[in-house]
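Have a look at the structure below before the remarks.
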Amino acid sequence: MKRELYYNGKILTMQGQETAEAVLVEDGVILAVGREEEMNLPGDVRRISLEGHTMLPGFIDTHSHFMGCATSCLQCSVQDAGNIQELQETIRTYIRERKLPAGDWVMVRDFAPEQLKEKRMPDRWMLDQASPDHPLVLQHKSGHVGVFNSLGLRELKIDGATQDPAGGHIEKKDGEATGYMEENAFFQAQRRLPMPSMQAMLDACQRAQELYASFGITTLQEGMLTAEMLPMYRGLLRRKALWLDVAGYADISQADQIYGNLPDCDGTYACRFKLGGYKIFLDGSPQSRTAWVRQPYEGSQETGTSTMTDQEVREAVMLSFQTGRQLLAHCNGDRAAQQYLEACEWAAAKGKGPSRPVMIHAQMLGKDQIPRLKPLGMIPSFFAAHVFHWGDVHIQNLGLARASGISPLRSALEAGLVFTMHQDSPVIPPDMLETVWCAAARKTKGGILLGADERIPVYEALKAVTCSGAYQYFEENRKGRIAPGMLADFAILDRNPLEAAVEELTQIQVLETIKEGKSIFRKEEQQK
């Protein structure tokens, strides 16, 4: 048997705010927690000093897109472009440095129009100047909208006569497609893009896991598993290439195909992957003004995009109940939240409510809606870092009063809800400590305090990314706390976040990440 004793540090058990002096681990499982002299230690124990640092349970990512993070390692980032000319030059440089053969696709990420001097999305003709010989797609940071160049449109056979898919939009000018697409139109176009080679994706998945582990994460999510991803996942499982736990949620329209091809993963981990249930999309994103809202966006009569009918949402809720599989619903706007709540309430009235349904993002969940979640056992998983990354944009799109209510964490806490937080990576990096800071500080990039009354204590924010995250995955008896019988999944920080000033939270470093007793990330090794 392999036994280790962690000691000489501050151990936050996440069972109240008390700390423990030592943790005894045996074969990747916590055997005892408390004072070293009371543990009756075996003679063969390996002693591991925390050197005064702080240990927490491993962080749990409750919504991201693992394969998207892996793919982003193979893409061109334009996050530093300040205008359209710089964006074009970044793309040209990427193609030139990688010596991409003409005809190869170029995937461009990390774009938002507000970063440009022109404050607009480029059209296909602007992208043609950067990539005349390569089909190209430029994806908005939200993942909900994007632009294809002319060669990309030609490859996908999209023109001015192509019809908009339900819940989507293909922009046209004088009868020609401009390359810009929203929601379902963009998602469907993306699904038709060629996948990278298996070896390229295996290498990228390794790098993506290293990224998650560097932020102290030991369990993560594939938030929209499609049939197109199945070959990649079968390859990962066959090669046992996953060393972090990954929970996948199937696109409900392809659920039979996905569950039929990964039967061993239905609700239980096989080679560190499990199918956790289904995923549906009910709207878009507030920064793109496509989130489905009850009141129009500032300066317009637009209320965003609805992607499913009420009947379709009810059918998804019923399928979740009938199969016993969890349902995750993407709801950014308060009107989308209303649709999901109404469907779950309708099912609950029939005694057929789903178990622990999750409202993903819940950006604009209204204070009047929050009391409706608890009777349903519904878990809001907040994208709290929106306050920092897009808070200033939300003020423009929604007005200060409405924008101040995004990610209503304090209201959820006071209502007695179990809630979690996530980063929707690769939209932003899976930086849990940044998210904890966002929840406690609620400062925008422009320095505006956005919704001071929705700030929460640091301890409650840590719960959202540890024990509450485990609860969302039905794994509260194995993860999220440091207690006997739990997996030895740990994040070791250079200082205690409960003792740091709020403004210092983003300066805290993850020194080491441990998965079931095995060190999977060390900061000093990464620096070498």
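Given the structure is predicted, the values throughout are model-derived calculations rather than measurements.
- Inter-residue side-chain proximity for Leu433 and Thr506 is flagged as unmet; no heavy-atom pair is nearer than 4.5 Å.
- By the side-chain contact (heavy atoms from CB on, under 4.5 Å) test, Ala349 is found to be paired with no residue, residues two or more places apart in sequence or in another chain being considered.
- The side-chain hydrogen bond (donor to acceptor under 3.5 Å, both in side chains) search around Thr268 returns none, not counting sequence neighbours.
- When every heavy atom of Met198 is checked against every heavy atom of Gly235, the shortest pair comes out as CE-CA, 4.1 Å.
- Looking at every heavy atom in both residues, Pro484 comes nearest to Val33 through CD-CG2, 4.1 Å.
- Side-chain atoms of Arg410 come within 3.5 Å of backbone N or O of Arg455 as a donor-acceptor pair.
- Put simply, the side chain of Arg289 never gets that close to the backbone of Thr303: no donor and acceptor are under 3.5 Å apart.
- Between the Ser300 side chain and the Tyr297 main chain, a donor and an acceptor come within less than 3.5 Å of each other.
- Asp368 and Arg372 get closest at one heavy-atom pair: O-CD, 4.4 Å.
- Between Leu236 and Leu202 there is a side-chain heavy-atom pair separated by less than 4.5 Å.
- At distances below 3.5 Å, not a single donor-acceptor pair connects side-chain atoms of Ser425 with backbone N or O atoms of Val427.
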message = If you apply the rule side chain to side chain contact (heavy atoms under 4.5 Å, CB included), what do you find for Leu12 with Thr54, and how did you get there?
response = CA-CA 7 Å; Leu12 306 184; Thr54 297; 3.9 Å; yes
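- In this structure, CD on Gln190 lies 10.0 Å from OG1 on Thr71, to the nearest 0.5 angstrom.
- Sequence neighbours left out, the pairs with a member in residues 200-234 that pass ring pair (Phe, Tyr, Trp, His ring centres under 6.0 Å) are Tyr233-Phe273.
- Annotation: the span from Thr305 atom OG1 to Leu282 atom CG amounts to 12.0 Å, rounded to 0.5 Å.
- Remark: Arg356 pairs with Tyr471, Glu476 by the side-chain hydrogen bond (donor to acceptor under 3.5 Å, both in side chains) rule, at least two apart or across chains.
- With rounding to the nearest 0.5 Å, the separation of SG in Cys205 from CG in Leu244 is 11.0 Å.
- At distances below 3.5 Å, at least one donor-acceptor pair connects side-chain atoms of Asp489 with backbone N or O atoms of Glu516.
- In this structure, Arg314 CZ and Lys352 NZ are separated by 12.5 Å, a value rounded to the nearest 0.5 Å.
- Ring centroids of His330 and His63 are separated by 6.0 Å or more, keeping the two rings apart.
- One finds no salt bridge joining Glu114 and Lys445 here, because no Lys/Arg side-chain nitrogen approaches an Asp/Glu carboxylate oxygen to under 4.0 Å.
- Closest approach of Thr62 to Ser381, counting heavy atoms only: OG1-OG, 3.1 Å.
- Contact check for Glu298 versus Ile395: no side-chain heavy atoms found under the 4.5 Å cut-off.
- The nearest pair of heavy atoms linking Met421 to Ala461 is CE-O, 3.6 Å.
- Counting only distance, with no hydrogens or angles, the side chain of Ser320 and the backbone of Arg325 share a donor-acceptor pair below 3.5 Å.
- Each of His144, Glu183, Glu182 was checked for a side chain to side chain donor-acceptor pair (under 3.5 Å) with Thr290, and the lone residue meeting it is Glu183.
- Applying the side chain to side chain donor-acceptor pair (under 3.5 Å) test between His394 and each of His386, Gln363, His389, Gln287 identifies His386 as the sole match.
- In this structure, the side chain of Arg109 does not engage the main chain of Gly143 through any donor-acceptor pair within 3.5 Å.
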inquiry  = Evaluate Ile60 against Thr466 for side chain to side chain contact (heavy atoms under 4.5 Å, CB included), listing each step before the verdict.
reply    = CA-CA 6 Å; Ile60 296 177; Thr466 54; 5.8 Å; no
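- Atoms CD1 and SG, from Ile258 and Cys265 in turn, are 12.0 Å apart once rounded to the nearest 0.5 Å.
- The backbone N or O of Phe281 sits less than 3.5 Å from a side-chain atom of Thr307, completing a donor-acceptor pair.
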request  = Dump the intermediate steps for side chain to side chain contact (heavy atoms under 4.5 Å, CB included) on Met432 and Asp61, then the final yes or no.
outcome  = CA-CA 8 Å; Met432 288 294 184; Asp61 159 52; 4.0 Å; yes
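- Residues that satisfy the side-chain hydrogen bond (donor to acceptor under 3.5 Å, both in side chains) test with Asp110, not counting sequence neighbours, are Ser77.
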query = Taking it one step at a time, do Thr323 and Tyr259 satisfy side chain to side chain donor-acceptor pair (under 3.5 Å)?
reply = CA-CA 12 Å; Thr323 59; Tyr259 272 87; over 6 Å; no
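- With a 6.0 Å radius and a threshold of 12 heavy atoms from other residues, nucleotides or ligands, Gln163 has its CD atom at or below the threshold.
- In this model, a donor atom of one side chain and an acceptor atom of the other lie less than 3.5 Å apart for Gln326 and Tyr249.
- Ring-centre distance between Phe382 and His361: not below the 6.0 Å cut-off.
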inquiry  = Val23 vs Leu31, test: side chain to side chain contact (heavy atoms under 4.5 Å, CB included). Steps then yes/no.
reply    = CA-CA 8 Å; Val23 176; Leu31 196 62; over 6 Å; no
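- To the nearest 0.5 angstrom, Asp392 atom CG is 3.5 Å from Thr444 atom OG1.
- Looking at heavy atoms from C-beta onward, Phe474 lies in side-chain contact with Ser355 at the 4.5 angstrom threshold.
- Counting non-hydrogen atoms of other residues, nucleotides and ligands closer than 6.0 Å to CG of Asp256 gives a total of 12 or fewer.
- Partners of Arg335 under the side-chain contact (heavy atoms from CB on, under 4.5 Å) rule, at least two apart in sequence or in another chain, are Trp292, Arg294, Gln338, Gln339.
- Contact annotation: the side chain of Gln254 approaches that of Glu228 to within less than 4.5 Å [non-hydrogen atoms, C-beta and beyond].
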query = Going through the checks in order, is the salt bridge (charged side-chain N to carboxylate O under 4.0 Å, His left out) test met by Arg191 and Asp251?
reply = CA-CA 12 Å; Arg191 287 183 177 185; Asp251 176 354; 2.3 Å; yes
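- Panel note: side chain Arg442, backbone Leu450; a donor-acceptor pair is recorded below 3.5 Å.
- Nearest approach of Val317 to Cys344, heavy atoms of both residues: CG2-SG, 4.0 Å.
- Formation of a donor-acceptor pair under 3.5 Å by the Ser72 side chain with backbone atoms of Cys69 is found in this model.
- Side chains of Asp245 and Thr218 form no contact here, defined as non-hydrogen atoms less than 4.5 Å apart.
- Under the 4.0 Å criterion applied to side-chain N and carboxylate O atoms, Lys367 and Glu454 are assigned as salt-bridge partners.
- Ring pair Phe186/His140: centre-to-centre distance not below 6.0 Å.
- Proximity of Gln221 to Gln472: side-chain heavy atoms (C-beta onward) are separated by under 4.5 Å at one or more points.
- Two residues are said to be in side-chain contact when any heavy atoms from C-beta on lie closer than 4.5 Å; Ile217 and Thr513 fail this criterion.
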